[in-house]
Each structure stands twice: as C-alpha cells, then as structure tokens.
Novice: 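Mind looking over this structure? Questions follow.
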Number of protein chains: 2
Amino acid sequence: MTHPTLEDVAARAGVSRALVSLVMRGSPKVGKERREAVLRAARELGYRPNMMARGLAAGRTGMIGVLLSDLHDPWSGAVYDGLADEAARRGVRLLLATGRGGPARERAALDDLLDLRPDGVVLAGPRLAAADIERAAAGCAVSVVGRSVRSDRVDCVTGDGAAAVERALGHLADLGHHRVACLDLGPRPSPLRRACPPGSVAAHPDELWRRPEPPAAVLALGDATGTAALTALLRAGRRVPDDVSLIVHGDPPGARAAGVTTVASPPAEMGREAAALLLDRIGDGAPAATRRVTVPPVLDERGTTR
Amino acid sequence: MTHPTLEDVAARAGVSRALVSLVMRGSPKVGKERREAVLRAARELGYRPNMMARGLAAGRTGMIGVLLSDLHDPWSGAVYDGLADEAARRGVRLLLATGRGGPARERAALDDLLDLRPDGVVLAGPRLAAADIERAAAGCAVSVVGRSVRSDRVDCVTGDGAAAVERALGHLADLGHHRVACLDLGPRPSPLRRACPPGSVAAHPDELWRRPEPPAAVLALGDATGTAALTALLRAGRRVPDDVSLIVHGDPPGARAAGVTTVASPPAEMGREAAALLLDRIGDGAPAATRRVTVPPVLDERGTTR
DNA sequence: TTGAAAGCGCTAACAC
DNA sequence: GTGTTAGCGCTTTCAA
C-alpha cells in the first residue's frame, strides 16, 4: 500500500540516493554499469518518482495547468487536444481543471490549480474577471486561449470570428447563394452577429420562412445553433442541401459524421499554439515580451452546401 | 513572481510557523486573537498553502485522481460532474487526467496521475488492462465506473444496459409499438445487442426500410447512433414521432434541447456513487470490503416517442 | 495554547 | 564520476 522511494532504490542498487536521482533524470554523467544497476533496481521495485517531492525540491514542477471553462464544450475538448499534443512533444505534464459554471467556481478552480504550483497555466475560454487572470499571471506564466486579454504579462491566442463569417459568406456566394440568413439560437446573442450582413440575423428558425424571400443558405452561429438548425430545417421539410445550404460556425459533435459543412478557427491549433507560447516563455529564463496570436478560420466543406 | 510561504505569514503575524499551520487547517485550539492576526496576515500577503509541500509532509494529499478515458465523450463529462459534486461536498480536490486514445496512452496517463500521489483514483470507463487497474489498486484506493472489474480491492459502479433496453422496449410496448428495430451504427457492435430481441438489430439505417414491415419504433444503441438515427429518419422523410418513434440509449449532446427521448443509467449518478465509495474507503482507516453498485436506468420521455 | 525540532522524498550545489 | 550536504514548504510529534 506504500510506494518505494529513491532511498529504497539506492539501497537495492547499492549506491547513494543522489546517484539514483541523477539516473532518474537521465543525467549523462553516470557510468553505464551503475546506471543499469539503478534502472534495474527501480524496475524491480516498481519505483516511480514522487512528483510532489520533486517539485518541492526543484522549484519547478514540470507541469502546466489547464483550466477548461467548460468540460462539456467540445471546443474546450479540442483545445485540450492541441495542448496535450504539444505538451507531450515537449515532455511536460498537464494538470487539468474545469470551471463548472459561473466565474466564481472557475476562480475557485483556478486557485486550486495554482495551489499545486504548476510552472504555468493555460486558460481555455475563461469567463474569469480580468483581475483574476492578472493575479494568476503574477504567480506564474499564463496564456489565454479564445479570449483577448489586455495585459502585458499574458499571452493570448484567439480565433477570428469576423473572418470566419466572411469566409462562409464568400463560399456561399461562390456557390451562387446570395440570400443568406444567419441563425443565432443561443441564450445570449453571439458576438458574431456584428460580422453578419445587416438584417440577416434570425433568432428563431421560424423567422426564416416568414421572410418574403426564404434564404437559399443558412449560416448557423455556433455549435448548438448548428445542430438545432439542421433538425429544424429537416423537420420543416426542407432538403439539405438541395433546398437550402447550411454552414455551421464551430464544430458541433457529429458534424463530421453527419457531413455538415463547418467554418471556424481550429481549436486544436489554438491549443497547440497556446502551449507553445507558454512553454517558450517558461523555458527561457528570459521573460520574453508577451505575444498575441490569431489563428485564421478554416472552412470544411462537407455535405450540407451546394 | 514567487509565492509567500507559511514562514512569511508567521513573520508578518508575529507568531511561529506551527501556529500558522494550525490556523490554516482550521484547528480549534488557537486563541481568537492570534487566529485573526494570522488570517489577516495571510490575506494581506495573498498566501495560499502549497499543496505539494502539504501533501509531502502530511502523507495524504486530500486529492483524488480522476481518469476519464475520453474527454470528448459526453458520458465521461457527466460522470465527472457527479464526481465533482460529491468531491466538493466532502471537501476533497479532484486531479483530472484523460486517456486520449488507446489503452497504452491511458496507462501512461494513469501513471502520471499516480505520480502525484492522490489519496485515491476513480477510473471512468477505463480501457486499461485489468492488470494495470490491479497495480494501481496496490498503491491507492481505486474505484471504477462503467466497467465491472473482477478484483477484491477495487469498488465498481456500473450501469445496467440490459435493464435499459428492457425498459425502452416496455415503454414502446405501452405506446402500442411492437415492431421495434434496434439500430447499432457504431464501429464495433454494441454489447447491448445481446439484450435486444433476436433479429431486431440493424447496422445501417437503410436496412429499416428494406424490411417487409418497416418498424414503428427505433431504439438507437448509443449516442452517436442516436444522432445519426434522427437525421437519417428525417432525411428519409419519416416524421418523428408521427411515423416512427425514437428512443436513444445514452444521452447524446443536445438530446434535451432537441427533445429526444432517452434511456440510460444516469452517468452523473454513477460518478457521485463512485466518489462516495472511494471517499468512504479512504476515510475510514478500516479497509472496508469492496462494494459493487449498479445504477438502474432512467427513461426520459421527451418528444420523439408517441 | 504555543513553540521547537524532526522529517516527508527529492534536487542541487558542492566537494571528493 | 560519485557521495555529502543542505534545504524546498509544510505537518506533526513532543515539550514547555
């Protein structure tokens, strides 16, 4: 029920603790003989270094914290994928935490995360107050994904919603569709509305049919709106894409499987970028200037546009 | 850029470190005067205890690890919600990790998690080898959700797929539907197939229409199958539920919003239960006998059945 | 009640 | 190359 320690390994291999420590961290200045003896002893004992002890002693933990504002949001999940890729590539571990609701809970989650003293944190789509982000940045490196934070100590990686809308409308125009409606079914108005042509936005599927000229194409602003839009169109007896084309901004679950055309800044890319920025900043002792990266949108043409 | 320590607080409050430690852990045996002085100093300094140091010294971390086999699976997310609720209620922190693919990566994630020395771990839908689970159980308390593990040292919380299928078919029978098809579109055959009436299972939506008597109701086995089934039915021009009723086993994203009738053992409930089992076992010094809990299915009647 | 002292498991100088 | 020595920030006896 208890874990073997460095000392157990040292005893078994007949060497000093420090030597074992060196071997465990892959130091080159250990004789081949002894190195192998140590590794064998460690293996036989099932030894695994205690990260807490290591972190305490080293002053760095080799871990970066990740705060996902909402675990259930596929966007967060995709950001996490990107982060995990980059982290694995660079040999650092991830410490995951989630917001679970309002800013208050998210703040609590962030505090809990910081109590573990990660070398840095990535905030994915945080709903935190700017002051909380700033406070975190005072303690360790911080980079933010999916929200632009005005601060001279945090890196930011953002998408480009306006460009995505433009890209979608351009694509639809290329297909010959000029009567485009933008659907926004969320509880709160999407910020993307501002990028849509004036008068094109509808807040309920029924509005679409009430128009003098029903739209030839629909741009759904967001995942939830996207799925709702598709079923609403089908239920209303419109064939997709024969009667009406559909592009969804975002990447709703099953979009690939259902063959839905989507447009968005790829979240995994954003996550990768955020991890890279953070690790660069942690790596160099030099406190490099903060950077801001914008990830351009990508249009995935699938079966709902023609 | 550096965090204040217990010692800083002690110095500022003019007391010893040990006293501060007692106050931080809410010990009752500290005078009111000094307690307040300590708390004030801590607040002014923005002090937060270092969990690594605390864990090292105390031998317990007050954290339980959670391994989600797949972050993107809504089921995992719901299990996590239940876990988080129960953990918050009992004042323990969660350490989240994810599988990201095959058993190998999941095993690596588990090892990384264990390196942080949590007091226990919950494995949600693990695809790990039984031996890996057993190995983990040798080091700390383990409870498993969504998979039955034969072991005398891990607790298990499972759903009941057969009961769910039975419940769904019963409900459809009550509605007068006896020609029921079970749809299973997954890459691998669902284990639920065995609970379905012989000959009722179809592996492709088109099979449904080729039958001599098209089904009056469809039971979709799983989230992905569920969403696919709904769009397939609508695309085929069937009205739901007028022409055909639909029940989905699971809880696909947007099922509530889209008004889809579902049946499943509620994952949040399973998570809560798993956390409770684990914390009970950690709490008592007494190594209680392992327990197995089965969570009964719940049918959520919404708009796709009639 | 309060304080002093001894670690928890490990790393990082520093000498040998 | 290898062993020795101090801590990292905290909890926990044990005295006072």
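Because only heavy atoms are used, hydrogens play no part in the values below, and waters and symmetry mates are left out as well, while side chains stay in. First the proteins, then the strands, lettered A, B, ... as listed; each starts at 1.
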Novice: Which part of the nucleic acid, if any, lies within contact of Gly31(A), taking any heavy atom under 4.0 Å across all strands shown: a base, the sugar-phosphate backbone alone, or nothing?
Specialist: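 Sugar-phosphate contact only - Gly31(A) comes under 4.0 Å of backbone atoms but never of a base.
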
Novice: What nucleotide, of dG9(D), dT2(D), dT12(D), holds the atom closest to the side chain of Ala58(B)?
Specialist: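 Taking heavy atoms from C-beta onward, the closest nucleotide is dT12(D).
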
Novice: Whole-Å distance between dG9(D) P and Asp8(B) CG?
Specialist: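 Value for this atom pair: 9 Å.
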
Novice: Let me know, please, whether Ala18(A) or Pro28(A) comes out on the 5' side of the other along DNA chain D by nearest nucleotide.
Specialist: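 Of the two residues, Pro28(A) wins.
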
Novice: Is Asp155(A) close to Leu278(A) at the side-chain level, that is, under 4.5 Å between some pair of heavy atoms?
Specialist: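 Leu278(A) vs Asp155(A): side chains apart.
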
Novice: Nearest to the side chain of Ala57(B), which nucleotide is it out of dA6(C), dG9(D), dC10(C)?
Specialist: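 Nearest to the side chain of Ala57(B) among the choices is dG9(D).
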
Novice: From CG of Leu19(A) over to C1' of dT4(D), roughly how many Å is that when rounded to an integer?
Specialist: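 Taking atom C1' of dT4(D) as the reference, CG of Leu19(A) is at 12 Å.
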
Novice: Please report the distance, rounded to the nearest Å, between CZ in Arg48(A) and P in dG9(C).
Specialist: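 In whole Å, dG9(C) P and Arg48(A) CZ are 17 Å from each other.
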
Novice: Please state how far atom CG in Leu116(A) lies from atom P in dG9(D), giving the value in whole angstrom units.
Specialist: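 Rounded to the whole Å, the gap is 15 Å.
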
Novice: Quick one: is dT11(D) close enough that its OP1 or OP2 comes under 4.0 Å of any side-chain N or O from Arg25(B)?
Specialist: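 Arg25(B) to dT11(D) OP1/OP2: side-chain N or O found under 4.0 Å.
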
Novice: Closest approach of Thr158(B) and Ser148(B), non-hydrogen atoms and distance?
Specialist: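 Residues Thr158(B) and Ser148(B), closest heavy atoms: CG2-N, 3.8 Å.
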
Novice: In whole angstrom, give the distance that lies between atom CE of Met52(B) and atom P of dT11(C).
Specialist: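 It is 12 Å, rounded to the nearest whole Å.
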
Novice: Are any of the side-chain nitrogens in Glu36(B) or Arg40(B) under 4.0 Å away from the carboxylate oxygens of its partner?
Specialist: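 Salt bridge: no.
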
Novice: Ignoring backbone atoms, establish whether Arg17(B) has a side-chain N or O less than 4.0 Å from OP1 or OP2 of dG9(D).
Specialist: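 Arg17(B) to dG9(D) OP1/OP2: no side-chain N or O under 4.0 Å.
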
Novice: Just N and O in the side chain of Arg54(A): are any of them under 4.0 Å from OP1 or OP2 of dC8(D)?
Specialist: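 Negative; the distance criterion is not met.
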
Novice: As a test of reading the structure: which of dT2(C), dT11(D), dT11(C) is closest to the side chain of Leu6(A), going by heavy atoms?
Specialist: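 In terms of side-chain proximity for Leu6(A), the closest of dT2(C), dT11(D), dT11(C) is dT11(C).
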
Novice: Whole-Å distance between dT11(D) C1' and Met24(B) CE?
Specialist: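 Taking atom C1' of dT11(D) as the reference, CE of Met24(B) is at 13 Å.
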
Novice: By nearest nucleotide on DNA chain C, pick out whichever of Tyr47(A) and Leu22(B) is the more 5' one.
Specialist: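 Counting from the 5' end, the first nearest nucleotide belongs to Leu22(B).
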
Novice: Given dA6(C), dG9(D), dG3(C), identify the nucleotide with an atom nearest to the side chain of Val15(B).
Specialist: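 Looking only at heavy atoms from C-beta outward on Val15(B), the closest nucleotide is dG3(C).
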
Novice: Check whether any side-chain nitrogen or oxygen of Ser21(A) sits under 4.0 Å from OP1 or OP2 of dC10(C), and answer yes or no.
Specialist: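 Indeed not, no polar side-chain atom of Ser21(A) lies that close.
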
Novice: How many Å lie between CD on Glu7(B) and C1' on dC10(D), as a whole number?
Specialist: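 In whole Å, dC10(D) C1' lies 11 Å from Glu7(B) CD.
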
Novice: Does the distance from a Lys or Arg side-chain N to an Asp or Glu carboxylate O, for Arg291(B) and Asp280(B), drop under 4.0 Å?
Specialist: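 Asp280(B) and Arg291(B): salt-bridged.
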
Novice: From CZ of Arg60(A) over to P of dG7(D), roughly how many Å is that when rounded to an integer?
Specialist: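 From Arg60(A) CZ to dG7(D) P: 20 Å.
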
Novice: Between Arg100(B) and Asp85(A), is the closest basic N to carboxylate O distance under 4.0 Å?
Specialist: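 A salt bridge links Asp85(A) with Arg100(B).
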
Novice: Taking only the side-chain nitrogens and oxygens of Ser16(A), find out if one of them lies under 4.0 Å from OP1 or OP2 of dG3(D).
Specialist: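 It does, given that an N or O in the side chain of Ser16(A) lies less than 4.0 Å from OP1 or OP2 of dG3(D).
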
